[in-house]
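Working notes, structure below.
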Amino acid sequence: MEALTPRKLQDDVREYLNQFDLNLCLTCGTCSNGCPITGTPGMEGWDTRKVIRMLALGLLDEVVQSKFPWICTGCGRCAHACPMGIDIVAILDHMKHLRPRDQVPGILHKGVENVLATGNNMAIPKEDYLFLMADLGAELAAEECPGFYVPVDKPGADILFFPNSKEVFSDNEDMKWWWKIFYAAKENWTIPSENWEAVDWGLFTGNYEATKILAKRKIEHMKRLGVKRMIMPDCGGGSYGCRKGLKVCSLEDPNNRVDYIYLYDYLKEIIETGRIRLDKSRNAGKVYTWHDSCKHGRELERNFGKGYYEEPRWIIQQCVDQFVDMEPNRSGNYCCGAGGGMWPMPFEKESAYHGRYKVRQIKNAGADVVVVGCSNCHDQMMKRLPKFYPEDAKYEVKYIWELVADTLVLEPWSDEEVARAEQEARAQWKRLGVDMEEGEE
């Protein structure tokens, strides 16, 4: 057997990896044993421990050119358990960063190019976006929320909210759940007319500059409109990427600090203060469980000192009588297989294989409904896992804000409130050049 000679890394890569001191690795295998990638068909011979040793020996090109960093969901079970505290997630993110942009798998880099050029991942034109907001808002007003409209670029709002381009592009109805909550709470809220994307695909591609730019845009919206707080984007990757970008921007200039609130804190706040009322009886007869998102839980806790475990459970238990936890849960929970951009990437079989643990967890819990706080987790468990595990993946999937919206007791606005809102809506859409009469034809 030929002896392996360690290679010398180029200075910038060596400097980056030195902050983790890979020589601390005990080769204990804790990372590999807890990683969903281990045993993935087509990845025989690869595991997290091997990748770390390869990098310690200077085999950088072999790692960067492999698909290992891309099928890593960034779930953080490895780093969470590592006895030497090596941040394996950050290392694999950097391996993505080192891949030439034209070699980024699938549509992710195209999405990053789109969001930098147009303000959203799908390159949806501004006029289409605004018309959809006007038309769909009018639809909700006619259905069950008289006076409702979507406020755009509203100065002095209390809450700034960022739409997910997936919902704007195709899953239009999914936006109504948050809208119903804002309506019931009589929230003073707004969305941006431009650069409104909630999700950070820069995080998924190792594009540090894109993550910073997307965070800076959110800061600029807050300052321009004089908004009090923004709701951190609901997608796990979107919120985590935004948080990382905000940290970089704040370190560069303390004036970049803005106030934000996570969706769990917001929902808990409006329930506790009585701004919305809920009726549990609407959800009777079903058993509910909660999926701890990696980026909302374990990774947020590890990198920023606070993960969201108890808040979502409390919110769900205000909506339902029958709640059960999956095992393991909280910081020990398994990834659904969609993280790190795996939902839109061309590695469907690998992603589904990661999710095998999640299907088993849900089945063993005996849950009828899985509640989630991330759009990628939602689509993975609702669409991909049932496709690969049709006998076992028999459950419903709901966003936590969808569950709250479905449980709402909607109290009608006064005639004066409805009239004022309708007047504001007409003035806003006229100012933005949206012809509402066209939508009524």
Legend entry - Residue of the set Tyr264, Tyr240, Tyr262 for which side chain to side chain contact (heavy atoms under 4.5 Å, CB included) holds with Met232: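 Answer to the side chain to side chain contact (heavy atoms under 4.5 Å, CB included) test with Met232 among Tyr264, Tyr240, Tyr262: Tyr262.
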Assess whether a salt bridge exists between [X] and [Y], defined as any Lys/Arg side-chain N lying under 4.0 Å from an Asp/Glu carboxylate O.
X	Y	answer
Glu310	Lys268	no
Glu299	Arg302	yes
Lys180	Glu144	yes
Lys166	Asp379	yes
Lys176	Glu139	yes
Glu269	Arg229	yes
Arg420	Glu416	no
Lys398	Asp406	yes
Asp292	Arg313	yes

Contact between [X] and [Y] at the side-chain level, heavy atoms closer than 4.5 Å - yes or no?
X	Y	result
Lys67	Met43	yes
Ile362	Leu385	no
Cys72	Met95	no
Arg77	Tyr334	yes
Ser375	Tyr399	yes

Checking [X] side chain against [Y] main chain: does a donor-acceptor pair fall under 3.5 Å?
X	Y	value
Arg282	Leu408	yes
His354	Glu350	yes
Thr190	Pro151	yes
Arg356	Tyr353	yes
Asn172	Glu167	yes
Arg101	His109	no
Asp153	Ser193	yes

Considering all heavy atoms, the nearest [X]-[Y] contact:
X	Y	value
Gly340	Phe204	C-CD2, 3.5 Å
Trp290	Met326	O-CE, 3.3 Å
Cys31	Cys78	CB-CB, 3.7 Å

Inset, instruction - For the pair Phe182 and Tyr266, name the ring-plane relationship: parallel under 30°, tilted 30 to 60°, perpendicular over 60°. - result: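 Geometry flag for Tyr266 against Phe182: perpendicular rings.
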Inset, instruction - If the plane angle is over 60° it's perpendicular, under 30° parallel, otherwise tilted; pick one for Phe161 and Trp189. - result: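 Perpendicular: the ring planes of Phe161 and Trp189 meet at over 60°.
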Inset, instruction - Flag the pair Trp177 / Trp401 as yes when their ring centroid distance falls below 6.0 Å, and as no otherwise. - result: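 No, ring centres 6.0 Å or more apart.
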Inset, instruction - Verify the ring-centre separation between Phe347 and Trp70: is it less than 6.0 angstrom? - result: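 No.
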Inset, instruction - Just grab all the ring pair (Phe, Tyr, Trp, His ring centres under 6.0 Å) pairs involving residues 403-425, residues at least two apart or on different chains. - result: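 Listed by first then second residue: Tyr183-Trp413.
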Between [X] and [Y], do the side chains contain an N or O donor and an N or O acceptor separated by less than 3.5 Å?
X	Y	answer
Arg360	Tyr389	no
Ser32	Asp47	yes
Asp265	Tyr308	yes

